[in-house]
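Sequence lines set the chain letters: A, B, ... in the order given, protein chains first and strands last, and positions in each chain run from 1.
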Amino acid sequence: MSKGKFYITTAIAYTSRKPHIGNSYEIVLTDAIARYKRLQGYDVFFLTGTDEHGQKIDEYAKAAGVSPKAYVDKVAGEIRAICDRLNTTYDKFIRTTDDYHEKAVQKIFQKLYDKGDIYKSEYEGMYCTPCESFWTPSQLKDGKCPDCGGEVHPAKEEAYFLRLSKYQKQLEDYIEQNENFIYPESRKKEMLNNFIKPGLQDLCVSRTSFKWGIPVPFDGDHVIYVWIDALSNYITALGYDPDGSGELYKKYWPADVHIIGKDIVRFHTIYWPIILMALGEPLPKQVYGHPWLLFGEDKMSKSKGNVIYADDLCDLLGVDAVRYYLLSEMPHANDGSITYSTIIERFNSDLANTLGNLVNRTIAMTQKYFGGVLPVNDQCDDAFDPALKDAAMAAVQKADDCMTTYHIADAVEAVMNFAKACNKYIDQTMPWSLAKCEAQKGRLSTVLYNLTESIRFLAVLLTPFMPETAKKIAEQINCDILSYDSLACFGAYPLNHPVGTPTPLFARIDAEKMMAEIEAKQKKAAAKEKTFAEIEGIAQIGIDDFAKVDLRVAEIKDCVPVKRAKKLLQLTLDDGTQKPRTVASGIAKWYKPDDLIGKKVIVVSNLKPAVLCGVESCGMILAADCSEDDVKVVFVDSSMPNGAKVR
RNA sequence: CGCGGAGUAGAGCAAUCCGGUAGCUCGUCGGGCUCAUAACCCGGAGGUUGUAGGUUCAAAUCCUAUCUCCGCAACCA
């Protein structure tokens with residue numbers, strides 16, 4: 001029985017590097033919602049994928065010494081593998097380098113251009129010829145180029161713009177008329193007050209500074225702005241085509257909800273709706289900006305070897321435990337945190353003790369007292385029974401309320417609270433005591449039946465969150481009545497029906513032992529990282545490339561903090577020339593001026609000057625990244641003369 | 001004074017909009033039970049709600065100041 005269609009998407013993941021566990025939250029969250037909707041009978045289409053264009057990827061690929069395409073193929077593969085490992089049921093995995101997507105995006109761009117909503121204009125500014133850079137009047141320093149201090153002249157560069165201004169009123173009306181469009185509420189105010197009401201400026205939607213993108217169809221010098229490219233995936237994946245869309249598109253668009261991180265709400269609630277309005281297509285019904293998963297103790301960093309990846313965690317604890325943790329630990333509005341000790345704690349207390357033990361003890365008792373088959377009886381009810389049944393029905397209702405507002409953690413909690421109610425029911429009814437008296441057999445049978453039926457409720461309710469566990473529970477109670485509709489009333493579990501064998505669902509974890517293992521693993525990873533990993537994959541250069549870098553010994557004569565900058569120190573160096581050299585360095589966190597004055601360092605003397613927080617920096621001093629959060633300047637012997645060339 | 005978020009029991013969070021006995025989970029301590037995975041059930045201890053003022057009969061909640069932490073931006077040449 002279908003309740004209608006439900007189209008749900010994640011943001012597509014940027015293929016800059018392998019995602020850690022925090023990045024994996026979104027796909028699990030979306031999967032839980034998708035599974036829940038399917039369970040309820042919706043015709044669900046669940047889309048995820050990867051965003052593979054842009055300057056950053058171009059740069060990463062260069063650093064790795066491979067082509068952008070080879071780079072994104074590798075990372076997209078890793079991302080997809082993690083989605084699969086997390087047992088997510090996406091219906092389609094789109095890549096923005098897919099041929100059909102690129103073609104459709106070009107058509108979209110063309111259509112908007114033909115319609116006049118994208119227009120060619122000029123990016124105006126002050127141009128510095130030697131630096132090949134544009135500057136706005138406010139960036140200029142005394143009317144000169146802030147980079148080199150040279151003359152600038154007014155110049156124009158052509159670019160394509162999207163007419164956001166035209167749709168401002170229409171967007172504002174849509175947001176105000178559709179209360180739930182931007183969710184949660186707080187983000188809606190943020191968008192309206194900060195961006196829309198002050199007035200939208202037309203958006204520059206093409207780039208000429210790099211090539212790794214989809215070319216503008218009628219102007220090969222430009223590539224399409226990555227956000228136009230990326231956002232379009234929600235419709236190109238369904239076969240949207242300005243000249244006539246496919247069946248999937250007709251069936252599923254508009255999206256019922258876009259699940260995205262809170263940092264990209266702006267793109268999804270301003271640019272995206274306007275693109276759709278310009279195309280004449282309906283707008284998504286809702287955009288949910290979820291919070292981020294942060295890291296409790298230390299910051300994760302490769303060099304410490306403590307980056308938590310979803311697949312490693314799955315190896316350690318099992319997929320469902322990871323899903324359970326992500327879904328139950330993340331608050332609805334605030335950022336959540338993750339540590340190994342909280343994962344283990346939750347695993348033991350919720351999964352092993354509350355849930356696993358409940359299933360185990362119930363089935364064990366059924367086997368022990370009735371050989372696994374509960375005889376039909378006349379349902380000897382007791383005072384505790386209505387409370388249990390009410391709790392079951394309440395859990396279904398509460399979970400549903402929470403799921404529809406995307407309070408996933410609360411929905412999970414509602415289900416686990418019911419498991420606790422079952423444990424309490426066992427203590428109240430004391431089956432072991434009933435078993436001692438033959439006259440109580442009927443009552444005992446009723447109690448165990450109620451428990452088995454309750455466990456069936458749990459199996460169904462847990463399906464969206466822990467699909468494998470739900471399946472295992474169903475097997476142990478030997479029951480395939482698992483539809484959502486079967487929760488309409490208490491008592492669908494068949495009478496006189498054999499249960500399976502009790503097998504622990506989750507083995508308790510010895511926290512100390514596991515922490516020791518993890519630490520050992522991290523040490524190993526950190527050691528490996530320091531010696532090899534950073535060096536592997538770096539593109540090789542020739543001696544002539546190196547010769548371009550001019551390194552000199554210099555003495556730090558003076559050092560002051562830079563105003564308005566947290567990380568910068570301004571150094572004055574004696575590099576052997578007559579002229580003192582000023583260099584800005586981002587080491588304020590680790591060094592005080594007094595630590596540096598009088599010391600000798602190595603300076604890259606022929607680096608193009610740059611202005612940082614108002615300070616003109618001519619060159620840079622060498623320093624080592626000792627770990628993610630520790631930097632040490634390379635000091636050299638004081639006997640080296642200032643200005644000596646280092647090679 | 002760049003923008004924003006957050007400071008509540010040992011830990012993680014709720015209550016804050018719209019003032020009215022500060023709740024929940026984990027841990028801890030005590031008790032109970034013995035079907036079960038040292039599990040389960042009950043109870044206790046633990047908080048002058050970051051700090052200082054103010055408004056009020058009454059402040060975690062409203063106002064002012066201040067400190068700290070975290071994102072973003074800027075910036076790590």
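Sorted by first and then second residue, the pairs that involve residues 361-371 of chain A and meet side chain to side chain donor-acceptor pair (under 3.5 Å), not counting sequence neighbours, are R361(A)-N423(A).
No engagement by A435(A) is indicated, since no non-hydrogen atom pair under 4.0 Å with the nucleic acid exists. Residue N353(A) is in sugar-phosphate contact alone, with no base atom involved, counting any heavy-atom pair closer than 4.0 Å across all strands shown. S585(A) comes within contact range of the sugar-phosphate backbone alone, with a heavy-atom separation under 4.0 Å but no base atom that close. The residue G619(A) sits close only to the backbone: its heavy atoms come under 4.0 Å of sugar-phosphate atoms, none of a base. Using a 4.0 Å heavy-atom cutoff across all strands shown, Y369(A) reaches sugar-phosphate atoms only and no base atom. Using a 4.0 Å heavy-atom cutoff across all strands shown, I363(A) reaches no nucleic acid atom at all. No contact: V359(A) has no heavy atom under 4.0 Å from any strand.
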Which atom pairs link the protein and nucleotides 43-46 of chain B when you take only N or O atoms and keep those under 3.5 Å?
none

Contacts under 3.5 Å, N or O only, protein and nucleotides 24-26 of chain B:
residue : atom : partner : partner atom : Å
U25(B)  : O3'  : K420(A) : NZ           : 3.3
C26(B)  : O2'  : E345(A) : OE1          : 2.8
C26(B)  : O2'  : E345(A) : OE2          : 3.0

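Residue S328(A) forms a side chain to side chain donor-acceptor pair (under 3.5 Å) with just one option from R346(A), R323(A), E413(A), and that option is R346(A). Among L571(A), L596(A), V583(A), I621(A), the one residue that satisfies the side chain to side chain contact (heavy atoms under 4.5 Å, CB included) test with V601(A) is I621(A).
In this structure, L29(A) CG and E26(A) CD are separated by 7.5 Å, a value rounded to the nearest 0.5 Å.
The partner of C18(B) is absent, by the rule that a Watson-Crick or G-U pair needs both atom distances under 3.5 Å.
Checking side-chain atoms of Q476(A) against main-chain N and O of T503(A) turns up a donor-acceptor pair under 3.5 Å.
Between M430(A) and N423(A), the residue whose closest nucleotide on RNA chain B is further toward the 5' end is M430(A).
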